[in-house]
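The next block holds one structure in the form of structure tokens; read it before the comments.
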Number of protein chains: 2
Amino acid sequence: MAVSEAEAAVMEVLWRAAPRSAEEILAEVGPAQGWQEGTVKSLLNRLLKKKAVKAEKDGRRYLYTPLLSREKYVSQESKGLLDRLFDGRVAPLVAHFSEQRKLTKKDVAELRKLLKELDDE
Amino acid sequence: MAVSEAEAAVMEVLWRAAPRSAEEILAEVGPAQGWQEGTVKSLLNRLLKKKAVKAEKDGRRYLYTPLLSREKYVSQESKGLLDRLFDGRVAPLVAHFSEQRKLTKKDVAELRKLLKELDDE
DNA sequence: CTCCATCAATTACGCATGTAAACATCAATT
DNA sequence: AATTGATGTTTACATGCGTAATTGATGGAG
């Protein structure tokens, strides 16, 4: 079962710093998403069921820690999109953004650097 | 309302060639996805409701044509992923694929070419 | 004309999701 | 010990999705 988008918002908090209590997570994600307590609790429980986080007791409450790494999650999502829309190839994806003028100067500079580094191998 | 993944599979058929009848669409997408008639009809109707396709009567049946372009769909999906996972910047996305060794020789060659063309502007 | 075959439209159903209320537990306070 | 406040657990409910069966319309065969 995949981690949904709302669940991912909770994961993001945990990826920034963990372990965290439900209260801390709510404080960080609640306002931005307009969520309240029950919602965050539910998301945490679904993440537990999906083995994307684990919880350890800390006195009266629990502290949550990610089990699924951000790297892994990002990989899955990215690969999914790439396969579905660009036949699994990266260059067409970048070409797409280029056509949409979504490449900033900084992007271009970084891409150049990246390619140069690939050369030096 | 967003076009779902199953719906997108139907759109792909129409993007390849349109207008098409439900029967033709089924023939092309059914076997690959393991769908049968009713499923494809439902998806077509949902796409109609979402204004992603239009239908025009052709004798006893309908011919379907995309209203949503593939370009636009790809843009929405790509931008969504980019914003959610890479803070809206392209270079980190490519760096990610590079680290995952998902860049083929061909990708690298094409990226080089792309950057060169950007130079010539 | 009536009946059948062919399409499309409607309805259905289980599961995931987003969102949250209700309930349970338990430590701390009165 | 009883109450309260903080937390976590369970249940709920509307919506969307994947999948399909059922119903409805309509043009062609007899």
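Here chain A contacts DNA chain D (any atom closer than 4.0 Å to a heavy atom, that is under 4.0 Å), and the contacts span dT7(D) to dA12(D) from 5' to 3'.
Not a single donor-acceptor pair under 3.5 Å links the side chain of Arg70(B) to the backbone N or O of Leu14(B). A donor-acceptor pair under 3.5 Å is formed between the side chain of Ser75(B) and the backbone N or O of Glu71(B). Not a single donor-acceptor pair under 3.5 Å links the side chain of Asp58(A) to the backbone N or O of Leu63(A). Judged by distance alone, with hydrogens and angles left aside, the side-chain atoms of Asp119(B) form no donor-acceptor pair with the main-chain N or O of Lys116(B) at under 3.5 Å.
Residue-level contact check: Lys50(B) touches the backbone only, with heavy atoms under 4.0 Å from sugar-phosphate atoms and none from bases. If you check every strand for non-hydrogen atoms under 4.0 Å, Ser4(A) touches sugar and phosphate atoms only. Within 4.0 Å of Ala2(A), counting heavy atoms only, lie sugar-phosphate atoms of the nucleic acid but no base atom.
Across Leu93(B), Leu103(B), Val108(B), a single residue satisfies side chain to side chain contact (heavy atoms under 4.5 Å, CB included) together with Val90(A), and that is Leu103(B).
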> Does the pair Leu47(A) and Tyr64(A) meet the rule for a side chain to side chain contact (heavy atoms under 4.5 Å, CB included), with working shown?
Replying inline: CA-CA 10 Å; Leu47(A) 287 168; Tyr64(A) 299 88; over 6 Å; no
>> Checking Gln100(B) against Lys79(A) for the side chain to side chain contact (heavy atoms under 4.5 Å, CB included) test, could you report, in this order, the C-alpha distance in whole Å, the side-chain angles of both residues, the deciding distance, and whether it holds?
In response: CA-CA 10 Å; Gln100(B) 305 294 124; Lys79(A) 183 168 186 325; over 6 Å; no
> Could you go step by step and tell me if His96(A) and Phe86(A) meet the side chain to side chain contact (heavy atoms under 4.5 Å, CB included) rule?
Replying inline: CA-CA 9 Å; His96(A) 167 81; Phe86(A) 298 96; 3.8 Å; yes
>> Walk me through whether Met1(A) and Lys49(A) qualify under side chain to side chain contact (heavy atoms under 4.5 Å, CB included).
In response: CA-CA 10 Å; Met1(A) 230 163 310; Lys49(A) 208 162 288 172; over 6 Å; no
> What string of B, S and - do you get for nucleotides 7-13 of chain C 5' to 3' if you count protein non-hydrogen atoms under 4.0 Å?
Replying inline: SBSB-B-
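A straight line from CG of Leu26(B) to P of dT6(C) spans 14 Å, rounded to a whole angstrom.
The 12-atom threshold is not exceeded at CZ of Arg101(A), counting heavy atoms of other residues, nucleotides or ligands nearer than 6.0 Å.
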> What pattern of brackets, bars and dots sums up DNA chain C from 5' to 3', given Watson-Crick or G-U wobble pairs under 3.5 Å, [ ] for crossing pairs and | for another strand?
Replying inline: ||||||||||||||||||||||||||||||
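A donor atom on one side chain and an acceptor atom on the other are found under 3.5 Å apart for Asp107(A) and Thr104(A).
Residues Thr39(A) and Met1(A) each lie close to DNA chain C; by heavy-atom proximity, the contact nearer the 5' end of the strand is made by Met1(A).
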